[in-house]
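All values below were derived from every heavy atom in this structure, side-chain atoms included, with hydrogens, water molecules and symmetry-related copies excluded.
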Amino acid sequence: MDHKMLFDEAVKAAEKSYSKYSGFSVGASLLTSEGKVFNGCNIENASYSLTNCAERTAVFKAVSEGYTNFTAIAVAGSGNGDFSKPCFPCGACLQVLSEFCGDDFVIILSDGEYRLSDFLPKRFCEESME
Ligand code: THU
């Protein structure tokens, strides 16, 4: 699965977005070390703060199926069907990703590839509590 293909999967995953309140569709495709892909979309709620982002949907699906090692995630977001503008992962999703992924984990957006450390150079983690 190359990175362009993973981004295309994320665009496809956005079709499942449940985003009747924001009108903003997001899809995320998470690649495991074993080469398996888990797709997620944003799932909104009438009680707005209960919304789950696409990235966290993908992570929770994977972890609940026994997969905890990841190499990359592609994220695609759009309010009008045009996915060319980068959809940067929110802080909550970065924190959830950081539980399972190291600094080198790749984040694929419409404008190129980033590392988790580009967005989250310092992190709260298990060692923070020692
Ligand atoms: N959203 C995501 O799914 N991922 C992000 O990283 C940023 C925001 C969703 C949440 C909400 O459903 C919509 O985009 C607008 O904030």
Taking all atoms of both residues into account, what is the closest heavy-atom pair of [X] and [Y], and its distance?
{"X": "Ser110", "Y": "Phe83", "answer": "CB-O, 3.3 Å"}
{"X": "Cys41", "Y": "Thr57", "answer": "O-OG1, 2.9 Å"}
{"X": "Ala14", "Y": "Ser25", "answer": "O-CB, 3.7 Å"}

>> Tell me if a side-chain donor or acceptor on Asn42 pairs with a main-chain N or O of Phe24 at a distance below 3.5 Å.
In response: yes

Which residues share a side chain to side chain donor-acceptor pair (under 3.5 Å) with [X], sequence neighbours left out:
{"X": "Asn45", "result": "none"}
{"X": "Asp2", "result": "none"}
{"X": "Glu113", "result": "His3"}
{"X": "Ser98", "result": "none"}

Would you be so kind as to tabulate the donor-acceptor pairs closer than 3.5 Å made by side chains of residues 26-34, with sequence neighbours excluded?
{"residue": "Ser29", "atom": "OG", "partner": "Ala10", "partner atom": "N", "Å": "3.1"}
{"residue": "Ser29", "atom": "OG", "partner": "Asn39", "partner atom": "OD1", "Å": "2.6"}
{"residue": "Thr32", "atom": "OG1", "partner": "Glu34", "partner atom": "N", "Å": "3.2"}
{"residue": "Thr32", "atom": "OG1", "partner": "Glu34", "partner atom": "OE1", "Å": "3.0"}
{"residue": "Thr32", "atom": "OG1", "partner": "Gly35", "partner atom": "N", "Å": "3.3"}
{"residue": "Thr32", "atom": "OG1", "partner": "Lys36", "partner atom": "N", "Å": "3.0"}
{"residue": "Thr32", "atom": "OG1", "partner": "Lys36", "partner atom": "O", "Å": "3.4"}
{"residue": "Ser33", "atom": "OG", "partner": "Asn69", "partner atom": "O", "Å": "3.3"}

>> Among residues at least two apart in sequence or on other chains, which ones pass side chain to side chain contact (heavy atoms under 4.5 Å, CB included) with Thr51?
In response: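 By the side chain to side chain contact (heavy atoms under 4.5 Å, CB included) rule, Thr51 matches Glu44.
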
> For Asp104, which residues count as a side chain to side chain contact (heavy atoms under 4.5 Å, CB included) partner, sequence neighbours excluded?
Replying inline: Arg115

> Tell me, which pairs form a side chain to side chain donor-acceptor pair (under 3.5 Å) where one or both residues lie in residues 117-130, sequence neighbours left out?
Replying inline: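 Residue pairs passing side chain to side chain donor-acceptor pair (under 3.5 Å), neighbours aside: Asp103-Arg123.
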
> Under the side chain to side chain donor-acceptor pair (under 3.5 Å) rule, what pairs show up with a residue in residues 83-97, not counting sequence neighbours?
Replying inline: Asp82-Ser84

>> Can you pull out every ring-ring contact (aromatic ring centres under 6.0 Å, His included) where at least one residue sits in residues 91-112? Sequence neighbours excluded, please.
In response: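 Residue pairs with at least one partner in residues 91-112: there are none.
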
>> Show every ring-ring contact (aromatic ring centres under 6.0 Å, His included) that has at least one partner inside residues 36-77, sequence neighbours left out.
In response: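 Checked against ring-ring contact (aromatic ring centres under 6.0 Å, His included) - neighbours excluded - the pairs reaching residues 36-77 are Tyr21-Tyr48, Phe38-Tyr67.
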
> Which residues satisfy the salt bridge (Lys or Arg N to Asp or Glu O under 4.0 Å) test with Lys12, sequence neighbours excluded?
Replying inline: Glu9

